[in-house]
Amino acid sequence: MTRISLVRHGQTDWNLAKRIQGSSDIPLNDTGREQAEATGRALAGGSYDAIYASPLSRASETASIIASHTGLDAPVPLPEVAERSYGDAEGLTGAEILARWPEGTPVPGRESRDEVVERALPALLELGERHQGESVIVVSHGGVIGSLVRHVTDHALPGPGEVIPNGSVHEFVYEDGTLTLDRFNLHPEDRDLFTASVL
């Protein structure tokens, strides 16, 4: 069995402005760095063997901050967990997107959730095989984490209106070639839950 903790990166200015980031490389803001510090302090209560991250700077910086708290080496880039590409919608707000592409209208260049799962899931399964009996951290993005959660729970989660906050942690278990969700939407203040989840 392998435990894989998926972490959403800290806040960026585009998150704050509710702009879609996708594959755009938007850095953390000061709040995002504080969130990464809080998540790192919470995760320090557990025991981890490696840390991986999307190569986008908001994820890689979050992972570096977490690594400094958990005593891990520098994060290993994992391109397959980079954020979902939103094509022509990147940089726009939800209202601006609906104004240009009404509900049901394809957005040019936007990656489907199924396509996200097709690239991210095999990478996590491979990590599960590589780290048998260990616990690893993977810092990724809301679109990727949400797509994976929907896939492995048959759309039971996230619930209606439920979001994946910056700095949140989602515990997955890999066993016998299968990835399952153990704990969803843990927050930095849930220090005891983080510790219990990796024992």
Side chains of Pro165 and Asn185: does their closest heavy-atom pair fall under 4.5 Å? yes
According to a hydrophobic-cluster definition based on side-chain heavy atoms being under 4.5 Å apart (Ile, Leu, Val, Met, Phe, Trp, Tyr only), do Val7 and Leu186 belong together? yes
Ignoring hydrogens and geometry, is there a side-chain-to-backbone donor-acceptor pair from Glu129 to Glu126 under 3.5 Å? no
Is a donor on one side and an acceptor on the other found under 3.5 Å between the side chain of Thr70 and the backbone of Ala44? no
Asp13 CG to Gln11 CD distance, which is reported to the nearest 0.5 Å: 7.5 Å
With sequence neighbours excluded, tell me which residues meet salt bridge (Lys or Arg N to Asp or Glu O under 4.0 Å) with Glu34. none
Using side chain to side chain contact (heavy atoms under 4.5 Å, CB included), reason through Gln132 and Met1 one step at a time and then give a plain yes or no. CA-CA 6 Å; Gln132 286 282 353; Met1 184 183 80; 5.7 Å; no
Hey, mind stepping through Glu83 and Leu56 against side chain to side chain contact (heavy atoms under 4.5 Å, CB included) and telling me if it holds? CA-CA 8 Å; Glu83 180 59 301; Leu56 293 171; 4.1 Å; yes
Tabulate below the donor-acceptor pairs under 3.5 Å that side-chain atoms of residues 146-153 make, not counting sequence neighbours, or state none.
residue: Ser147; atom: OG; partner: Arg113; partner atom: NH1; Å: 3.2
residue: Ser147; atom: OG; partner: Gly143; partner atom: O; Å: 2.7
residue: Arg150; atom: NH1; partner: Gly146; partner atom: O; Å: 3.2
residue: Thr153; atom: OG1; partner: Val149; partner atom: O; Å: 2.7
residue: Thr153; atom: OG1; partner: Ala156; partner atom: N; Å: 3.4
residue: Thr153; atom: OG1; partner: Leu157; partner atom: N; Å: 3.2
residue: Thr153; atom: OG1; partner: Leu157; partner atom: O; Å: 3.4

Could you tell me if Gln35 and Asn166 have a donor-acceptor pair between their side chains, going purely by distance under 3.5 Å? no
Does a side chain donor of either Tyr48 or Glu134 reach within less than 3.5 Å of an acceptor in the other side chain? no
Going from OG on Ser168 to CG on Leu6, what distance comes out if it is rounded to the nearest 0.5 angstrom? 9.5 Å
Modelled atom types, side-chain donor and acceptor of Asp25 and Ser57, under 3.5 Å: yes
Any Arg84 side-chain heavy atom under 4.5 Å of Arg110 side chain: yes
Identify the two heavy atoms, one from Ala120 and one from Val144, that lie closest to each other, and give their separation to 0.1 Å. CB-CG1, 4.1 Å
Once you round to the nearest 0.5 Å, how far does CD1 of Ile20 lie from CD1 of Ile26? 12.0 Å
Taking side-chain contact (heavy atoms from CB on, under 4.5 Å) as the definition, give me every residue that meets it alongside Arg100, ordered by chain and number, with sequence neighbours left out. Leu92
Look at the side-chain heavy atoms of Ile, Leu, Val, Met, Phe, Trp and Tyr, link any pair under 4.5 Å apart, and say whether Val81 and Leu125 land in one connected group. yes
Sequence neighbours excluded, the answer for salt bridge (Lys or Arg N to Asp or Glu O under 4.0 Å) partners of Glu96 is Arg19
Heavy-atom pair of closest approach, residues Gly32 and Asn29: N-OD1, 2.8 Å
Salt bridge (Lys or Arg N to Asp or Glu O under 4.0 Å) partners of Glu111, counting only residues at least two apart: Arg119
Can you see which heavy atom on Leu72 is nearest to which on Asp49, and at what distance? CD2-C, 3.7 Å
Under the rule for side-chain contact (heavy atoms from CB on, under 4.5 Å), what residues qualify as partners of Ala53, not counting sequence neighbours? Ala63, Pro75, Val139
Taking the side chain as everything from C-beta on, heavy atoms only, tell me whether Ile4 gets closer than 4.5 Å to Leu179. yes
ring-ring contact (aromatic ring centres under 6.0 Å, His included) pairs, two or more places apart, involving residues 91-148: His9-His141, Tyr52-His131
Sequence neighbours excluded, which residues qualify as side-chain contact (heavy atoms from CB on, under 4.5 Å) partners of Glu37? Arg41, Ile65, His69
Got a second to check how far Leu78's CG is from Ser60's OG, nearest 0.5 Å? 12.5 Å
For Ile164 and Gly142, which heavy atoms make the closest approach, and how far apart are they? CD1-O, 3.9 Å
Val173 reachable from Leu127 in the ILVMFWY side-chain graph, under 4.5 Å edges: no
Please tell me whether Ile51 and Val136 are part of a single hydrophobic cluster in this structure, the criterion being side-chain heavy atoms less than 4.5 Å apart. no
Closest approach of Trp14 and Glu90, non-hydrogen atoms and distance? CZ3-C, 4.4 Å
Only counting residues at least two apart or in another chain, list the ones meeting salt bridge (Lys or Arg N to Asp or Glu O under 4.0 Å) with Asp30. Arg33
Does one side chain, of Glu175 or Thr2, offer a donor that lies under 3.5 Å from an acceptor on the other? no
Go through the steps for Val169 and Arg8 under the test side chain to side chain contact (heavy atoms under 4.5 Å, CB included), then give the verdict. CA-CA 7 Å; Val169 181; Arg8 188 183 176 199; over 6 Å; no
Asn15 CG to Arg58 CZ distance, which is reported to the nearest 0.5 Å: 7.5 Å
Nearest heavy-atom contact between Gly10 and Leu28 is O-CD2, 3.2 Å
Name all residues meeting the side-chain contact (heavy atoms from CB on, under 4.5 Å) criterion together with Thr178; count only those two or more places apart in sequence or in a different chain, and write none if there are none. Thr180
Go through the steps to decide whether Glu103 and Leu98 satisfy the test side chain to side chain contact (heavy atoms under 4.5 Å, CB included), and finish with yes or no. CA-CA 7 Å; Glu103 192 68 41; Leu98 282 175; 3.9 Å; yes
Answer yes or no: is there a side-chain heavy-atom contact under 4.5 Å between Ile66 and Thr39? yes
Same hydrophobic cluster for Tyr174 and Val117, using side-chain heavy-atom links shorter than 4.5 Å among ILVMFWY? yes
Partners of Phe184 by ring pair (Phe, Tyr, Trp, His ring centres under 6.0 Å), sequence neighbours excluded? His170
Residue pairs fulfilling salt bridge (Lys or Arg N to Asp or Glu O under 4.0 Å) with at least one residue in residues 159-170, sequence neighbours excluded: none
